[in-house]
Amino acid sequence: MNYNFSLIFRLPEKSANTDDLVEALAECGCDDAMVGTGHPGRIALEFDREAETATAAVDSAVRDVESALPGAELIEATPDLVGLTDIAEIAGISRQALRKLMQSRHDFPRPAHCGNPSLWHLAPMLDWLDQEERYDVAEALRAVSQQTLRLNTQIQNQQARIYAPQQTATA
């Protein structure tokens, strides 16, 4: 099965030029990705990877990039955070119809970020849409969204340990 997802990495401070990075990625198995270098110090790869499972696809892509670019740090995986417009497009309904559902249903998934715009993790939204039985949810998208949520949660947990270490109780 083919899985589509993107990985964004922070590059080490002293990185090779773009052509050398792209060549190193291709040599390490990332020839199934489009590479973007629009932000200084970052590299984004949009994968269309064939694998037996979404976990195998995403995890192998991370390993391949880390092998090609030693010292690169994964900072985000997508698809994960989405807005109402994204969710409506996946469900095949208008944004307004989805907004009505959100406002009328108590079981509508809670956003990961409340604001303007509010954002939801895609995996629970796809589960909710699937439970509604009116929406056709692609299994590959659901599986990859679960894996990208897992990766992003790991990244956030690592940041929390660095920036908000647990307080130890004193007796």
Side-chain angles (χ1 to χ4, degrees), residues 1-92 109 111-113 117-130 135-164:
M1 183 175 285
N2 273 1
Y3 297 96
N4 300 302
F5 56 95
S6 297
L7 302 173
I8 302 170
F9 286 83
R10 179 179 297 130
L11 295 170
E13 215 170 292
K14 296 184 182 188
S15 294
N17 69 45
T18 303
D19 291 338
D20 291 342
L21 293 175
V22 172
E23 188 174 316
L25 288 163
E27 288 175 4
C28 285
C30 296
D31 53 351
D32 57 349
M34 288 193 320
V35 180
T37 57
H39 293 285
R42 293 188 182 170
I43 193 163
L45 297 100
E46 185 176 328
F47 285 90
D48 184 15
R49 183 157 283 205
E50 189 172 329
E52 288 190 25
T53 66
T55 301
V58 174
D59 289 351
S60 68
V62 170
R63 282 191 308 274
D64 290 349
V65 173
E66 289 174 343
S67 174
L69 308 175
E73 175 189 1
L74 180 64
I75 57 175
E76 185 180 3
T78 65
D80 184 16
L81 293 175
V82 292
L84 280 181
T85 302
D86 303 312
I87 300 162
E89 186 176 308
I90 291 167
H113 168 75
S118 292
L119 298 172
W120 286 260
H121 286 291
L122 181 57
M125 283 303 312
L126 294 176
D127 286 345
W128 186 82
L129 288 170
D130 192 48
Y135 308 103
D136 186 25
V137 175
E139 184 54 38
L141 178 60
R142 179 202 306 240
V144 82
S145 71
Q146 291 169 344
Q147 294 311 309
T148 56
L149 171 58
R150 175 185 57 87
L151 280 177
N152 289 331
T153 301
Q154 289 173 348
I155 292 165
Q156 289 176 343
N157 287 339
Q158 289 170 348
Q159 288 179 336
R161 284 190 293 275
I162 294 168
Y163 296 108

Exam field: side chain Trp120 to backbone Met125, donor-acceptor pair closer than 3.5 Å: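 Between the backbone of Met125 and the side chain of Trp120 there is no qualifying donor-acceptor contact (under 3.5 Å).
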Ser67 side chain to Arg63 backbone, donor-acceptor under 3.5 Å: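 Not at all, since once roles are kept as given, no pair shorter than 3.5 Å links the two residues.
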Between [X] and [Y], which heavy-atom pair has the shortest distance, and what is it?
| X | Y | answer |
| --- | --- | --- |
| Ala91 | Tyr135 | O-CD2, 3.5 Å |
| Tyr3 | Ala143 | CE2-CB, 4.3 Å |
| Gly71 | Pro12 | C-CG, 3.7 Å |
| Pro109 | Pro124 | CG-O, 3.9 Å |
| Arg49 | Ser60 | NH1-OG, 2.9 Å |
| Ala123 | Ser145 | CA-OG, 3.4 Å |

ring-ring contact (aromatic ring centres under 6.0 Å, His included) pairs, two or more places apart, involving residues 25-63: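 ring-ring contact (aromatic ring centres under 6.0 Å, His included) check on residues 25-63 returns Phe5-Phe47.
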Where at least one partner belongs to residues 7-29, residue pairs that pass ring-ring contact (aromatic ring centres under 6.0 Å, His included), sequence neighbours excluded: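 Every candidate ring-ring contact (aromatic ring centres under 6.0 Å, His included) pair involving residues 7-29 fails, so no pair, neighbours aside, qualifies.
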To the nearest 0.5 Å, how far apart are [atom1] in [X] and [atom2] in [Y]?
| X | Y | atom1 | atom2 | result |
| --- | --- | --- | --- | --- |
| Ile8 | Ile155 | CD1 | CD1 | 9.5 Å |
| Leu74 | Arg10 | CG | CZ | 10.5 Å |
| Glu73 | Leu11 | CD | CG | 10.5 Å |
| Leu7 | Glu66 | CG | CD | 9.5 Å |
| Asp32 | Asn2 | CG | CG | 9.0 Å |
| Thr53 | Gln147 | OG1 | CD | 7.0 Å |

Residues which pass salt bridge (charged side-chain N to carboxylate O under 4.0 Å, His left out) with Glu139, listed by chain and number, not counting sequence neighbours: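 Checked Glu139 against salt bridge (charged side-chain N to carboxylate O under 4.0 Å, His left out); matches are Arg142.
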CA sep, side-chain torsions, deciding dist, call: Asn4, Val144, side-chain contact (heavy atoms from CB on, under 4.5 Å): CA-CA 7 Å; Asn4 300 302; Val144 82; over 6 Å; no
side-chain contact (heavy atoms from CB on, under 4.5 Å) between Leu122 and Leu149, intermediate numbers included: CA-CA 8 Å; Leu122 181 57; Leu149 171 58; over 6 Å; no
Arg150 atom CZ, neighbour heavy-atom count above 12 within 6.0 Å: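 Counting other residues, nucleotides and ligands, CZ of Arg150 exceeds 12 neighbours.
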Could you tabulate the donor-acceptor pairs under 3.5 Å formed by side-chain atoms of residues 17-31, not counting sequence neighbours?
unit_1, atom_1, unit_2, atom_2, d
Asn17, OD1, Asp19, N, 3.1
Asn17, OD1, Asp20, N, 2.9
Asn17, ND2, Asp20, OD2, 3.4

Non-neighbouring partners of Ala138 that pass side chain to side chain contact (heavy atoms under 4.5 Å, CB included), sequence neighbours left out: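 Testing Ala138 for side chain to side chain contact (heavy atoms under 4.5 Å, CB included), a comparison that skips the adjacent residues, returns Leu141.
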Got a list of side-chain donor-acceptor pairs under 3.5 Å for residues 77-85, not counting sequence neighbours?
unit_1, atom_1, unit_2, atom_2, d
Asp80, OD1, His121, ND1, 2.7
Asp80, OD2, His121, ND1, 3.4
Asp80, OD2, Asn152, ND2, 2.8
Thr85, OG1, Arg95, NE, 3.1

